[in-house]
Amino acid sequence: MTLLPTTYINQIGQHVGATVTLAGWVYNKTEKGKLVFIQLRDGTGTIQCVVFRKNVSEEVFAAAKSLTQESSVRITGGVRADERAPSGYEIDVTAVEPVHVAEEYPITPKEHGTEFLMEHRHLHVRSAKQHALLRIRAEVIAAAEGFLNDNDFIRYDTPILTPVAAEGTTNLFATQYFDLGTAYLAQTGQLYVESGMMSFGKVYCFGPTFRAEQSKTRRHLTEFWMIEPEMAFADQDDNMVLQENFVSAIVQRVLARRSADLATLDRDVTALANVKPPFPRISYDEAVERINAAAATGTTVQPDDKPLPAIMWGEDFGSPHETFLAAQFDRPVFVVNYPTAVKAFYMQPVDGRPEVVHCADLLAPEGYGEIIGGSQRIHDMQLLEARIREHGLNPEHYRWYLDLRRYGTVPHSGFGMGIERCTAWIAGTHHIRDTIAFPRQLYRIYP
RNA sequence: UCCCCGAUAGCUCAAUGGUAGAGCACGCGGCUGUUAACCGCGGUGUUCCAGGUUCGAGUCCUGGUCGGGGAGCCA
């Protein structure tokens, strides 16, 4: 006994002339007199199933007619190639076994608003474009982990419940942890992953991270997934070489394996084909000069063509600045050596220029913003402890972190890549919320 | 937190301060090639909530709720 189908829709081309049993859901149905057309979806694809009244019993024909949108069903029939079918193949149905005739389905093939779709997100994920996006997301993750595993990185997972704010910058979600006081949901695994780096040399963590910022933009989620490699005996140049190889490998694997999904999304893949090492590198100093030169001539920035604001050296970039900078290159661009004052406490200062640190943000093209932030970490214990104090942080909270510098410290570097931003860029989707099954946003926690 | 915008049928949206509407979805009927099918027939509402102005409010005013877009922050 088995309930499994004899094949899946994405394999249907190998079964032309044979009889198969498929199991799936009714994506759409239309009746035309003595014909019923069923678009059947099984998760791997969609195929047209044709029920001819004359070829089946009255019971089978009635069963076919009874199916509503998203009803679950097992369908048996012969596979044939037919130019009139959307996928080129169709099933000449001989048997229909409804598993469940669905109630009236709220999401129709017509247009819907964002709020309605987000309220029905648990059903929305069945739709073709969401399906393609989530499959690309899965491929991005598989490619990222595959690249790191192939390069001898060990997955080293870090805690989500943490006793203090790791970087002491953003707002965190707090929860009560038994009798031990307040715990916080991790905003990054970086500090912990550094301990694994000292153990294994090359490690990465991958998991959800949480930011309690009241961000309301198409680039932000309060819960998002980040992959954070960390490498011993590596300076910031080594770090950037790793990043450009990493990102290029992800993009090229998605292009190779998910072209059908990219086509479903109408993604222009010509821009992605350029994503190969090396990526351009510009310094923060040069970026400021470029921004101010452009701002002086009244340059405007997509998407709303507002004027590019000028910037003072020492200020962090705003979103329009990043969009402007990224638009000048045909692949992601590193902006390196930001002012020390605007970056986290653990970043290694540049020799002879203590006002800037060894770090880089990787800006994706087409307005998708920063997809990677990375740096060389301070490996000297005295300097690190001084920085912790300068930032108003309690060194006692970082005792274990300082220990890493006490016992065999080495120069090391690492970065974090946001899975959703990377996926949004590669898939070319407007809003980051579509790249995760259940987006958590300022005004959304359901479903 | 700040700025802008919105809320009317299950959905997407109309409606000079004067009878609450359409398309889709859904139901029934028709059609042997539909691709968001088409044709005919069918019913539908706390106009987000609470006040106010007015002979009369979906429409104007005040406050609130919920949501969307952006800023800042960042992945």
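Order of the sequence lines fixes the chain letters, A, B, ..., with proteins taken first and strands second; residue numbering starts at 1 for each chain.
The base of C11(B) lies outside donor-acceptor range of the side chain of His112(A), with no N or O pair under 3.5 Å. One N or O donor and one acceptor, one from the side chain of Arg421(A) and one from the base of C74(B), sit under 3.5 Å apart. Contact of Arg219(A) with G72(B) (side chain to base): no donor-acceptor pair of N or O atoms is detected under 3.5 Å. For Gln441(A) against G68(B), a side-chain-to-base donor-acceptor contact under 3.5 Å is absent. Looking at Glu31(A), its side chain has no donor and acceptor atom pair within 3.5 Å of the base of U34(B). Counting atom types as modelled, Ser215(A) pairs a side-chain N or O with a base atom of G72(B) as donor and acceptor under 3.5 Å.
Annotation: Glu390(A), atom CD; neighbour count of heavy atoms from other residues, nucleotides and ligands within 6.0 Å is above 12.
In this structure, the CD atom of Gln190(A) is 10 Å from the P atom of A75(B), given to the nearest Å. For Phe210(A) and A75(B), the CZ to C1' distance is 14 Å, given to the nearest whole Å. When rounded to the nearest whole Å, the span between NE2 of His321(A) and P of C73(B) equals 10 Å. Regarding Arg440(A), its CZ atom lies at a distance of 13 Å from the P atom of G67(B), rounded to whole Å. We find that OH of Tyr27(A) is positioned 15 Å from C1' of A25(B), with the value rounded to whole Å. As rounded to whole Å, 12 Å separates atom P of A75(B) from atom CG of Leu363(A). Between the OH atom of Tyr443(A) and the P atom of G68(B) there is a distance of 9 Å, rounded to whole Å. Computed from coordinates, the Met118(A) CE to G6(B) C1' distance equals 18 Å when rounded to whole Å.
Taking all atoms of both residues into account, the shortest heavy-atom contact from Pro208(A) to Ile160(A) is CG-CD1, 3.8 Å.
Out of A75(B), C11(B), U1(B), the shortest distance to the side chain of Leu442(A) is found at U1(B). You'll find that the side chain of Pro320(A) is closest to G72(B), out of G72(B), C74(B), G69(B). Checked against U34(B), U32(B), C66(B), the side chain of Lys54(A) finds its nearest nucleotide in U32(B). For Lys32(A), the side-chain atoms get nearest to U34(B) when compared with the rest of U34(B), A75(B), U1(B). Checking A75(B), G33(B), C74(B) against every side-chain atom of Glu322(A), the shortest atom distance belongs to C74(B). Of the candidate nucleotides U34(B), C31(B), A75(B), A75(B) has the atom lying nearest to any side-chain atom of Glu370(A).
Not one N or O on the side chain of Thr264(A) forms a donor-acceptor pair closer than 3.5 Å with the backbone of Lys129(A). A donor-acceptor pair is defined here as one N or O able to donate and one able to accept, closer than 3.5 Å; such a pair exists between the side chain of Asp42(A) and the backbone of Gly45(A).
Rounded to a whole angstrom, the distance from the P atom of G27(B) to that of C66(B) is 36 Å.
For the pair Val247(A) and Arg331(A), the minimum side-chain heavy-atom distance is 4.5 Å or more.
In this model, the phosphate group of A71(B) is approached by a side-chain N or O of Ser319(A) to a distance below 4.0 Å at OP1 or OP2.
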